[in-house]
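Step one of this worksheet: look at the structure below.
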Amino acid sequence: MDNEKVYAMRFGKIYPLLTAKAEKKGRTQAEVNQIISWLTGYDEEQIESAARNETTYGDFFRNAPEPNPDRKLIKGVVCGVRVEEIEEPLMQEIRYLDKLIDELAKGKSMDKILRSGQEHSVKEKPKTIEEYIKQQPKQAQPYLRQINETIQSALPDAIQKISWSMPTYWKRHNLIHFAASKNHVGLYPGPAAVEYFADKLREYKTSKGAIQFPYSKPLPTQLIAEIAKWCGTTLNDDTP
């Protein structure tokens with residue numbers, strides 16, 4: 001199914017399916033809520049409220065109050081893909097939940113599902129973009145600083161923050177994200193931007209909303225600046 005269709009589905013439609021999957025295997029709704037709370041930071045009342053109203057699945061994760069940094073410890077295959085390799089940040093958040101509910105239905109104990117007792121390779125959650133950069137491998141740091149300086153120059157009025165555990169530029173809403181991966185820097189300007197700049201991105205690997213700039217090549221800073229400016233102008237033409 002197309003990612004955008006998944007994001008547009010009502011949380012109130014999907015939540016009962018997750019619960020039913022667990023209950024069919026003898027688990028409970030309380031355990032499902034505990035998993036969702038651990039993953040996103042919502043409390044049980046907020047989960048139930050989102051299930052009753054018109055909250056979309058995408059917005060449920062976009063507005064998560066406190067995504068757990070230890071969710072990065074979640075690994076394995078769900079829906080035919082490895083969750084740790086999903087490039088689209090929002091879809092990765094959704095698949096984290098799918099993976100945890102799968103583990104619940106397969107009989108895993110809650111302490112293992114919630115990664116209790118695992119060696120926590122996840123570092124303290126960064127509060128600034130510079131803190132994020134300093135936590136990344138040395139190979140990635142100069143690329144991250146260059147891409148950050150490029151976006152900062154292109155979007156001087158945007159607020160810098162950490163959102164979805166990634167460096168983010170924000171003005172009324174998130175405009176653009178970037179993050180380090182094993183072999184590349186990922187730029188996340190959203191599906192509309194990737195489609196708009198498709199001709200200029202032919203030599204780079206892209207997916208819906210994401211662009212990969214490999215460490216083996218110089219960063220195309222002029223193109224990154226164009227994309228950032230487009231996001232700042234086009235996205236802020238919308239009603240917040």
Study note, to complete from the structure: dist Arg10:CZ -> Tyr57:OH (nearest 0.5 Å) comes out at 13.5 Å

Check your understanding: Any side-chain heavy atom of Leu39 sitting closer than 4.5 Å to one from Asn68?
Key -> no

Point to revise | Residue pair Tyr15 / Glu48, side-chain donor-acceptor N/O under 3.5 Å | key: yes

Check your understanding: What do the steps show when you test Arg95 against Glu88 for side chain to side chain contact (heavy atoms under 4.5 Å, CB included), and what is the final call?
Key -> CA-CA 10 Å; Arg95 295 309 183 201; Glu88 173 72 18; over 6 Å; no

Review point. Transitive ILVMFWY cluster of Ile159 at side-chain heavy atoms under 4.5 Å: who else is in it?
Key: Trp170

Review point. Do Thr40 and Tyr96 have side-chain heavy atoms sitting under 4.5 Å apart?
Key: no

Check your understanding: Gln46 and Gly41: which non-hydrogen atoms are nearest, and at how many Å?
Key -> OE1-O, 4.2 Å

Review point. To the nearest 0.5 Å, what is the distance between CZ (Arg145) and CD1 (Ile133)?
Key: 5.5 Å

Practice item. Kindly give the heavy-atom pair with the smallest separation between Arg62 and Thr56, and that separation in Å. Key: NH1-OG1, 4.5 Å

Exercise for review: With the side chain counted from C-beta on, respond yes when Lys106 and Lys25 share a heavy-atom pair under 4.5 Å apart, and no when they do not.
Suggested key: no

**Study point:** Check: Pro191 and Glu4 side chains under 4.5 Å, non-hydrogen atoms
**Key:** yes

Point to revise | Pairwise side-chain contact, Pro89 with Met166, heavy-atom cut-off 4.5 Å (strictly under) | key: yes

Practice item. State, to 0.1 Å, how close Leu17 and Lys13 come at their nearest heavy-atom pair, and which atoms those are. Key: CG-O, 3.5 Å

Point to revise | ring-ring contact (aromatic ring centres under 6.0 Å, His included) partners for Tyr7, two or more places apart | key: none

Exercise for review: Step by step, work out the side chain to side chain contact (heavy atoms under 4.5 Å, CB included) result for Asn3 and Ile94.
Suggested key: CA-CA 10 Å; Asn3 287 0; Ile94 289 171; over 6 Å; no

Exercise for review: Kindly indicate, with the supporting measurements, whether the criterion side chain to side chain contact (heavy atoms under 4.5 Å, CB included) is fulfilled by Tyr196 and Trp230.
Suggested key: CA-CA 9 Å; Tyr196 184 84; Trp230 185 90; 3.5 Å; yes

Exercise for review: Look only at the side chain of Tyr215 and the backbone of His184, and say whether a donor-acceptor pair between them is shorter than 3.5 Å.
Suggested key: yes

**Study point:** Contact summary for Pro126 and Gln135, nearest pair of heavy atoms
**Key:** CD-OE1, 3.8 Å

Exercise for review: Among Ile101, Thr19, Leu104, Ile36, find the residue that satisfies the side-chain contact (heavy atoms from CB on, under 4.5 Å) test when tested with Glu31.
Suggested key: Leu104

Practice item. Not counting sequence neighbours, which residues clear side-chain contact (heavy atoms from CB on, under 4.5 Å) with Arg82? List them please. Key: Val77, Glu84, Glu85

Study note, to complete from the structure: The complete set of salt bridge (Lys or Arg N to Asp or Glu O under 4.0 Å) pairs with one or both residues in residues 188-199, sequence neighbours excluded, reads Asp199-Arg202

Practice item. Return the minimal non-hydrogen interatomic distance between Val32 and Ala22, and the atom names on each side. Key: CG2-CB, 3.7 Å

Check your understanding: Do Glu226 and Lys200 meet the salt-bridge criterion of a basic N to acidic O distance under 4.0 Å?
Key -> yes

Check your understanding: What distance separates Leu97 CG from Phe61 CZ, expressed to the nearest 0.5 Å?
Key -> 4.5 Å

Review point. Would you say Leu219 and Thr150 make side-chain contact, with heavy atoms under 4.5 Å?
Key: no

Check your understanding: Donor-acceptor pair, Asn33 side chain versus Glu44 backbone, under 3.5 Å?
Key -> no

Review point. When you measure from the side chain of Gln92 to the backbone N and O of Val83, does any donor-acceptor pair fall under 3.5 Å?
Key: yes

Point to revise | Results of ring-ring contact (aromatic ring centres under 6.0 Å, His included) for Phe60 - residues two or more places apart only | key: Phe11, Tyr42

Check your understanding: Say you draw a straight line from CG of Leu187 to CD1 of Ile176; how long is it, rounded to the nearest 0.5 Å?
Key -> 4.0 Å

Practice item. Supply the atom-to-atom distance Leu155 CG to Lys171 NZ, rounded to the nearest 0.5 angstrom. Key: 8.5 Å

Check your understanding: CD of Glu54 to CG of Asp59: how many Å apart, nearest 0.5 Å?
Key -> 11.5 Å

Practice item. Determine, step by step, whether Gln34 and Leu114 satisfy the side chain to side chain contact (heavy atoms under 4.5 Å, CB included) criterion, reporting the C-alpha distance in whole Å, the side-chain angles of both residues, the deciding distance to 0.1 Å, and the verdict. Key: CA-CA 9 Å; Gln34 185 180 356; Leu114 304 185; 3.6 Å; yes

**Study point:** Donor-acceptor contact present, side-chain Gln160 to main-chain Thr128, <3.5 Å
**Key:** no

Check your understanding: Got a sec, which residues hit side-chain contact (heavy atoms from CB on, under 4.5 Å) with Glu103, two or more places apart in sequence or on another chain?
Key -> Lys99, Leu100, Lys108, Ile113, Arg115

Study note, to complete from the structure: Minimal heavy-atom distance between Glu87 and Tyr188, with the atoms involved, is O-CE2, 3.0 Å

